[in-house]
**Student:** 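Structure below; questions to follow.
Only a predicted model underlies this, so the values are computations on that prediction, with no experimental measurement involved. Counting starts at 1 for both ligands and their atoms, following the listed order.
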Amino acid sequence: MTRQAPAIHGRPLDAWLATHPLIGDLIAGRETAWFNPGIAPAATGLADAGLTMSDVEDASARLTRFAPLLVRFFPDLAATAGIIESDLVDVPAFAEALRRRYGYASGGRLLLKKDSHLPVSGSIKARGGIYEVLMRAETLALGAGLIAVVDDYAALGEDSARAFFRDYSVAVGSTGNLGLSIGIMSAKIGFRTTVHMSADARQWKKDRLRASGVTVVEHTGDYGAAVAQGRAEAEADPSCHFVDDEHSKDLFLGYAVAGLRLKPQLAALGVPVDAQHPLFVHLPCGVGGGPGGVAFGLKLVFGDAVRCLFAEPTPSPCMLLGVYTGLHDEISVQDFGISNATVADGLAVGRPSGFVGRAVQRLVDGYLTVTDQELLDLLALLKASEDLMLEPSAVAGAPGPSRIVADAAYRARLNLDRDRLDAATHIIWATGGSMVPPEEARKYLRGAGEAASR
Ligand SMILES: *Cc1c(COP(=O)(O)O)cnc(C)c1O
């Protein structure tokens with residue numbers, strides 16, 4: 001007797017498994033990696049986004065215009081003259097610990113990009129989120145004649161400017177970190193600010209936002225539900241700007257500026273990036289804007305010498321699923337019964353951004369998944385080896401080098417012989433965690449297996 005299985009996007013599950021066998025791993029929660037055979041040379045793939053280097057340079061110039069205002073708002077930023085940027089550092093002990101854990105030989109130099117320690121909001125969201133709020137503020141201020149592009153933007157910190165911005169509002173839906181970045185910046189500017197938080201958002205992030213004068217609305221649903229509700233409420237109010245994490249080009253461009261800034265950082269560390277010295281960048285992926293924007297910026301700067309990989313938790317492999325099936329935002333992990341319940345709250349996204357998936361799918365070499373337990377173990381491993389505490393999302397890229405070594409077909413496609421692998425550099429993009437309260441950190445570390453913390 002046969003039973004009629006419910007169709008998923010018009011097809012029964014076994015038809016999906018026949019054409020897309022990796023979906024079996026995703027449903028089973030097994031760690032997997034997929035190296036996309038459909039990637040294109042940078043010169044071709046970069047055309048998909050509809051954005052160019054001059055857009056990214058424009059975003060960078062805007063951030064420079066706002067730098068004096070940011071110093072006024074956040075005195076700690078005086079050290080970098082108002083530029084919000086993170087360090088790129090060697091992590092030799094962590095590199096050695098990863099080689100032992102996953103059992104591979106060299107594979108090149110390992111660096112950590114500490115967006116976890118970005119000033120103001122302590123996560124990669126300080127790039128895109130803050131940029132979009134500043135973009136909005138500049139558009140309104142220029143339109144009202146409050147300021148001209150040649151002026152010192154520190155003037156926008158005056159009470160009169162804040163009173164002007166008070167007539168406008170900003171709203172966003174978030175699993176936590178985007179809300180923090182938007183909320184802190186938007187409230188400083190003077191906008192009335194509402195953050196719609198998904199059920200998995202951490203209490204301390206809500207507390208911190210409320211302390212900054214932000215209205216926090218708590219939703220019982222996941223990230224997608226919080227965004228949908230936030231968008232609906234914002235649409236009813238013409239003075240409200242909704243930061244749309246699933247579609248925003250401004251967010252994307254804010255992230256992409258990272259690509260421009262990485263170049264001098266790599267040069268300062270003496271890291272060559274060319275055909276003989278490939279640069280692999282391992283980026284944790286939620287809805288896709290952060291890693292997509294960074295990857296886009298890196299491809300503009302380094303072309304085919306940079307290879308980007310996205311990492312997702314096994315319960316939330318939304319970008320892998322979207323690109324692998326070609327359905328992007330038309331499909332969600334929940335459609336396949338995958339839970340989207342993960343300890344990596346920054347990555348707890350069930351449906352990817354359709355804009356980002358389509359913009360960067362030919363620029364991103366591969367996608368890997370990591371179990372929650374592995375994320376906690378990697379957190380403990382980083383803490384034990386480098387005395388550095390992050391949040392679970394931030395270490396998702398760490399298994400990346402081992403997955404490259406393990407995939408003979410991908411290495412053959414890229415001509416990655418032993419010499420070229422040894423000459424490579426890997427950047428683990430550590431996306432958040434410096435603001436995690438100590439008691440939360442202890443909870444994460446208790447969740448790690450014994451072997452990882454030694
Ligand atoms: C948001 C976030 C990401 C991923 O960014 P997306 O734009 O959602 O893909 C990764 N790590 C942390 C810590 C984050 O907060």
**Student:** What atoms of ligand 1 come within less than 4.0 Å of a heavy atom belonging to L347?
**Tutor:** 3 (C), 4 (C), 10 (C), 11 (N)
**Student:** What atoms of ligand 1 come within less than 4.0 Å of a heavy atom belonging to E391?
**Tutor:** 13 (C)
**Student:** How are the rings of Y102 and Y104 set to each other: parallel, tilted or perpendicular (split at 30° and 60°)?
**Tutor:**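 The arrangement is parallel - the two ring planes meet at less than 30°.
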**Student:** To the nearest 0.1 Å, how far is atom 4 (C) of ligand 1 from its closest protein heavy atom, and which atom is that?
**Tutor:** G286 N, 3.5 Å
**Student:** Output yes when a side-chain donor or acceptor of E246 lies under 3.5 Å from a complementary backbone atom of V287, and no otherwise.
**Tutor:**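 Not a single qualifying donor-acceptor pair exists.
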**Student:** Output, in order, the C-alpha distance, side-chain angles, deciding distance and verdict of salt bridge (Lys or Arg N to Asp or Glu O under 4.0 Å) for E374 and R101.
**Tutor:** CA-CA 11 Å; E374 188 65 12; R101 182 171 185 83; 2.9 Å; yes
**Student:** Within the 4.0 Å heavy-atom shell around C285, which atoms of ligand 1 are there?
**Tutor:** 9 (O)
**Student:** For K249, is the NZ atom crowded, meaning more than 12 foreign heavy atoms sit under 6.0 Å from it?
**Tutor:**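 Not buried by this count: 12 neighbours or fewer within 6.0 Å.
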**Student:** Which residue and atom name correspond to the protein heavy atom nearest atom 8 (O) of ligand 1, and how close is it?
**Tutor:**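 Residue, atom and distance for the closest contact: V287 N, 3.0 Å.
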**Student:** Is there at least one pair of N or O atoms, one from S123 and one from ligand 1, spaced under 3.5 Å apart?
**Tutor:** no
**Student:** Taking only heavy atoms of P291, which atoms of ligand 1 are found under 4.0 Å from at least one of them?
**Tutor:** 5 (O), 6 (P), 7 (O), 9 (O)
**Student:** Pick one: which of K205, K383, R202 meets salt bridge (charged side-chain N to carboxylate O under 4.0 Å, His left out) with E391?
**Tutor:** K205
**Student:** Nearest protein heavy-atom contact for atom 11 (N) of ligand 1: which residue, which atom, what distance?
**Tutor:** T431 OG1, 2.6 Å
**Student:** Suppose we measure from atom 14 (C) of ligand 1 to each protein heavy atom; which comes out shortest, and what is that distance?
**Tutor:** K125 NZ, 2.9 Å
**Student:** What is the closest protein heavy atom to atom 7 (O) of ligand 1, and at what distance does it sit?
**Tutor:** G290 N, 2.7 Å
**Student:** Using the six-membered ring wherever Trp is involved, compare the ring planes of W34 and Y367 and label them parallel, tilted or perpendicular (cut-offs 30° and 60°).
**Tutor:** parallel
**Student:** Checking the N or O distance criterion of under 3.5 Å, is ligand 1 in contact with G432?
**Tutor:** no
**Student:** Hey, is ligand 1 close enough to G289 that some N/O pair sits below 3.5 Å?
**Tutor:**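 Yes; at least one N/O pair falls below 3.5 Å.
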**Student:** Does K188 count as lying over the ring of F165, i.e. NZ or CZ under 6.0 Å from the six-ring centre, within 45 degrees of the axis?
**Tutor:**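 Here K188 fails the 6.0 Å and 45° test against F165.
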**Student:** Once you measure the plane-to-plane angle for F296 and F252, does it fall in the parallel (<30°), tilted (30-60°) or perpendicular (>60°) bin?
**Tutor:**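 Rings of F296 and F252: tilted, as their planes differ by 30° to 60°.
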